[in-house]
Amino acid sequence: MIEKVIEGKAYVDGAFIECCIGVEEERIVAVKKVLKGEETIRFKKGLILPAAIDVHVHFREPGFPQKEDFSTGTKAAAFGGVSCVLDMPNTKPPTTTSASCRDKISIAERKAYIDFGIYAGVTKENLEQLCDISKVASAFKVYLGGSTNTEAFNMDLLNVLASKTLEKVFAFHAEDEKCLSMNRIKENNLRDHAISRPGECEKKAVKEILRVFSTSTNHRVHICHVSSAATMSDLTNKPEWVTVGVTPHHLLLTSKDNLTFKETYYKVNPPLRSPVDRDSLWDAIIKGTIDVLESDHAPHTVEEKEQEFEKAPSGIPGTETMLPLMLYQFIKRDIPLSRLISLACEKPAETFGINKGKIEQGRDADFIVVDLKSIISIKSEELHSRCGWTPFEGFPAVFPKDVFVRGERIIESRELVGERGFGRFVESEGLSKESP
Ligand code: NCD
Ligand code: ZN
């Protein structure tokens, strides 16, 4: 008899079917009409979806635990239906060596409620060590423009990166530093921030990445958080080895909105732009040019965000609200849920080589249960990030009721039942340019 059976209406092979999902030793072993289990959990209401993978979070450990740590960050992610995160390198110290990667992994193993991987940052100093680092890290992050607690990588060295043979993804923060410095002005508000970091600089960086990496035989490239119509127009016929990510804040907020809080709370890189830019991102979601939904969860304290505009750090929290906001939006906009599942689960898994993201035999048994009629309005005091605020206060959203990671229920009826330290480092495998 199978260890555990989860029964209900589930998203399997592109359709919703009434079925039983058999789980043994953390993985899905069968999906059938009828299965007998030692334990059966039946969901009469709601839909069973694969859990989301958030490939872009800044959980701030080591170095800035007052903003977030792996315990609060992964708890927040879990409540938002995320079973696995990939953590960014701009911590203190940054994860730019094998040793600092190992240290971060061991911190996370003690604290995480859900699974995780980590990025190693690429700098001009560690170029010769990337092969060793690739044995420890899940993926590489390259900042082409400077941002919070990180400097820009010299664009002239991109060809050195492209010549490497490393079976890990290069994820790019695509803003061209030279272009940024030419446009920089004194910033008093969001409008100035968008002028300082125009879409043209994003477009330039993306063009250069595509040009240089088209000669590489090996690498798959991920462009993080695209934000402008200028960039999107260049990506419509992008090559197969390029994936493109988008954040909920670039899809839902613009610098021209009537915003609820002080503008510093919406200061982020790349910046919030115009309604035309925002609409181009929704178009790209519908057309399929955008592949991945990622939160760029970048929490900062209220104290930091209360400073004057120029001093306040860039970054917006969002891992907990990412999938719930989008579940509501996709229903409201009448976009098929299959598209959202591709963006939040399937493509992240495929892009970063993670054995999750689909309800099928052999994958980790990570799912969520959602009732699409249960729409609530987001309240910061009900969220779990240590930063304690959200730019999406009052936004309608659909939160998962139950969340399973590797067959274990960690959220039950919106209550945390999982354990700190349960989360594990995930392998990322099979990532050459030719692989799917
Ligand atoms: C990020 C942060 O705060 O770590 N901020 C942001 O605005 N996205 C840094 C980054 O990745 O750009
Ligand atoms: Zn980021």
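Computed from a prediction, not measured in an experiment: that's the story for all the values here. Positions are given from 1, in the same order as the sequence printed here. Each ligand, and each atom within it, is numbered from 1 in the order the structure gives.
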In degrees, rounded to 10 degrees, what angle do His56 atom NE2 and His58 atom NE2 make at the Zn ion (ligand 2)? 110°

Just need the protein heavy atom nearest to atom 5 (N) of ligand 1, so name the residue and atom and give the distance. Ser314 O, 3.1 Å

Counting from 1, what ligand 1 atoms have a heavy atom of Asn269 closer than 4.0 Å? 6 (C), 7 (O), 8 (N)

Near His173, which atoms of ligand 1 are under 4.0 Å from a heavy atom of that residue? 12 (O)

Looking only at N, O or S atoms in Asp296, which is nearest to the Zn ion (ligand 2)? OD1

Heavy-atom count check: over 12 atoms from other residues, nucleotides or ligands less than 6.0 Å from Lys305 NZ? yes

Which of Val82, Asp87, Leu86, Thr74 passes side-chain contact (heavy atoms from CB on, under 4.5 Å) with Val57? It is Asp87

Check against side chain to side chain contact (heavy atoms under 4.5 Å, CB included), Thr301 and Gln66: CA-CA 7 Å; Thr301 62; Gln66 72 281 13; 4.1 Å; yes

For atom 11 (O) of ligand 1, grab the closest protein heavy atom and report residue, atom and distance to one decimal in Å. Tyr143 OH, 2.7 Å

Can you name the atoms of ligand 1, numbered from 1 with element, that are less than 4.0 Å from a heavy atom of Val268? 7 (O)

Distance alone, cut at 3.5 Å: any donor-acceptor contact between the side chains of Asn269 and Ser314? yes

For Arg60, the atoms of ligand 1 under 4.0 Å from one of its heavy atoms are 2 (C), 3 (O), 4 (O)

Could you tell me whether ligand 1 has any atom less than 4.0 Å away from a heavy atom of His58? yes

Go through ligand 1 atom by atom and flag the ones less than 4.0 Å from a non-hydrogen atom of Ala298. 1 (C), 2 (C), 3 (O), 5 (N)

What's the separation between atom CD1 in Ile331 and atom CG in Leu372, rounded to the nearest 0.5 Å? 4.0 Å

Between Asp277 and Ser228, does any side-chain donor sit less than 3.5 Å from a side-chain acceptor? no

Contact atoms of ligand 1, heavy-atom distance to Asp296 under 4.0 Å: 8 (N)

To the nearest 0.5 Å, what is the distance between OG (Ser255) and CG (Leu272)? 6.5 Å

Do His297 and Glu68 pair up side chain to side chain, a donor and an acceptor below 3.5 Å, judged on atom types alone? yes

Quick check on Glu151: does its CD atom have over 12 non-hydrogen neighbours (other residues, nucleotides or ligands) under 6.0 Å away? no

Could you see which bit of Asn149 sits under 4.0 Å from ligand 1, with heavy atoms only: side chain, backbone, both or neither? neither

Quick one: which ligand 1 atoms are inside 4.0 Å of a heavy atom on His300? 3 (O)

Can you tell me the protein heavy atom closest to atom 12 (O) of ligand 1 and the distance? Ser147 OG, 2.5 Å

